[in-house]
Amino acid sequence: AQKVTQAQTEISVVEKEDVTLDCVYETRDTTYYLFWYKQPPSGELVFLIRRNSFDEQNEISGRYSWNFQKSTSSFNFTITASQVVDSAVYFCALSDLGGATNKLIFGTGTLLAVQP
Amino acid sequence: DARVTQTPRDKVTEMGQEVTMRCQPILGHNTVFWYRQTMMQGLELLAYFRNRAPLDDSGMPKDRFSAEMPDATLATLKIQPSEPRDSAVYFCASGFGQGQETQYFGPGTRLLVL
């Protein structure tokens, strides 16, 4: 069965520190997609990145970077030089190819608190 | 900046009342999803539409929940009758594609059933 594990429930850092959020997934599918979403205190879910299973290149977007390793079934997210505005819950998700449903299977989220 | 919109943003109601939540997907998107978020269960899919046709509502309590898309610009989620255990944040998301497309989420409707 498909599953996403975010073992870190809460992380607290001081501004300007780098922080890595871990995501480990399980799937039997050979083709799948992985996502990261951010949920700030205001509550909305903000899309950050989508990565397919055939593209293992790391991606960098400003202070954000993602490390996808199929060998360890991990899709980790690093924020460089964290800022208070980065404080949010971050969700990793896996697309489910079973049946006709494009269902996202979410992890339980990691609450990141960036202290000034 | 195209966004998914949801109304109402907050709803407080009493047990037994009907609740209707509305969602306007991003113009041009052909898939709509309804999710529910609770502390205990996290984010779970309730219903999924593609080209206005319901493809999956297996996550939805059939006896009291219903989801429809009267037209391409409106999706609705109804609860009748509502119960305290329905208290949650309900998110609508939309996307474009035939599968595994990115889902863009609305701001959510925070429902409290007393």
Side-chain angles (χ1 to χ4, degrees), chain A residues 1-10 23 25 27-55 59 61 66 68 75 88-111, chain B residues 1-6 8-11 23 25-26 29-51 53-60 67 88-112:
Chain A
Q2 282 85 346
K3 184 180 177 182
V4 175
T5 301
Q6 295 180 256
Q8 304 150 307
T9 305
E10 292 185 35
C23 173
Y25 62 92
T27 179
R28 291 188 299 264
D29 297 317
T30 55
T31 303
Y32 51 89
Y33 286 79
L34 295 162
F35 302 79
W36 275 95
Y37 285 85
K38 173 182 179 180
Q39 187 171 39
S42 53
E44 72 271 28
L45 278 159
V46 179
F47 165 73
L48 295 178
I49 189 171
R50 169 177 175 259
R51 175 54 54 89
N52 75 56
S53 53
F54 295 108
D55 182 1
E59 177 141 350
S61 176
W66 291 268
F68 176 30
F75 187 43
V89 179
Y90 291 86
F91 291 95
C92 181
L94 168 72
S95 69
D96 183 350
L97 294 174
T101 302
N102 181 21
K103 180 167 62 177
L104 284 178
I105 298 165
F106 285 88
T108 51
T110 297
L111 172 62
Chain B
D1 186 20
R3 295 188 179 208
V4 175
T5 58
Q6 289 185 248
R9 292 295 308 276
D10 289 278
K11 176 74 175 179
C23 167
I26 293 173
H29 281 187
N30 67 330
T31 56
V32 172
F33 308 81
W34 284 103
Y35 287 87
R36 176 169 62 184
Q37 185 179 34
T38 61
M39 289 296 293
M40 294 300 295
Q41 301 296 327
L43 279 154
E44 48 184 354
L45 180 71
L46 297 176
Y48 166 48
F49 292 80
R50 184 187 296 158
N51 298 323
L55 291 189
D56 187 353
D57 61 1
S58 59
M60 208 161 61
V89 180
Y90 291 81
F91 286 102
C92 174
S94 72
F96 180 78
Q98 297 297 316
Q100 289 74 53
E101 64 270 19
T102 297
Q103 298 177 26
Y104 295 91
F105 284 74
T109 293
R110 192 188 315 268
L111 174 65
L112 177 61

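Heavy-atom basis, side chains included; hydrogens, waters and symmetry copies ignored. First the proteins, then the strands, lettered A, B, ... as listed; each starts at 1.
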Under the salt bridge (Lys or Arg N to Asp or Glu O under 4.0 Å) test, residues paired with B/Arg3 that sit two or more places apart: B/Asp1

Kindly write out the residues that satisfy ring-ring contact (aromatic ring centres under 6.0 Å, His included) with A/Phe68, not counting sequence neighbours, or none if the list is empty. A/Phe75

Check whether any side-chain heavy atom of A/Leu45 sits under 4.5 Å from a side-chain heavy atom of B/Tyr35, and report yes or no. no

Can you measure from [atom1] ([X]) to [atom2] ([Y]) and round to the nearest 0.5 angstrom?
X: A/Phe91; Y: B/Phe105; atom1: CZ; atom2: CZ; answer: 9.5 Å
X: A/Tyr37; Y: B/Thr102; atom1: OH; atom2: OG1; answer: 6.0 Å
X: B/Leu43; Y: A/Thr108; atom1: CG; atom2: OG1; answer: 10.5 Å

More than 12 heavy atoms of other residues, nucleotides or ligands under 6.0 Å from NZ of B/Lys11: is that the case? no

Does CZ belonging to A/Arg50 count more than 12 external heavy atoms closer than 6.0 Å? yes

Grab the two heavy atoms, one from B/Phe91 and one from A/Gln39, that are nearest each other, plus how far apart they are. CZ-NE2, 3.5 Å

Contact summary for B/Glu101 and A/Phe35, nearest pair of heavy atoms: O-CZ, 4.1 Å

Please look at B/Gln37 and chain A and tell me whether the side chain, the backbone, both or neither of the residue comes under 4.5 angstrom of a heavy atom of that chain. side chain

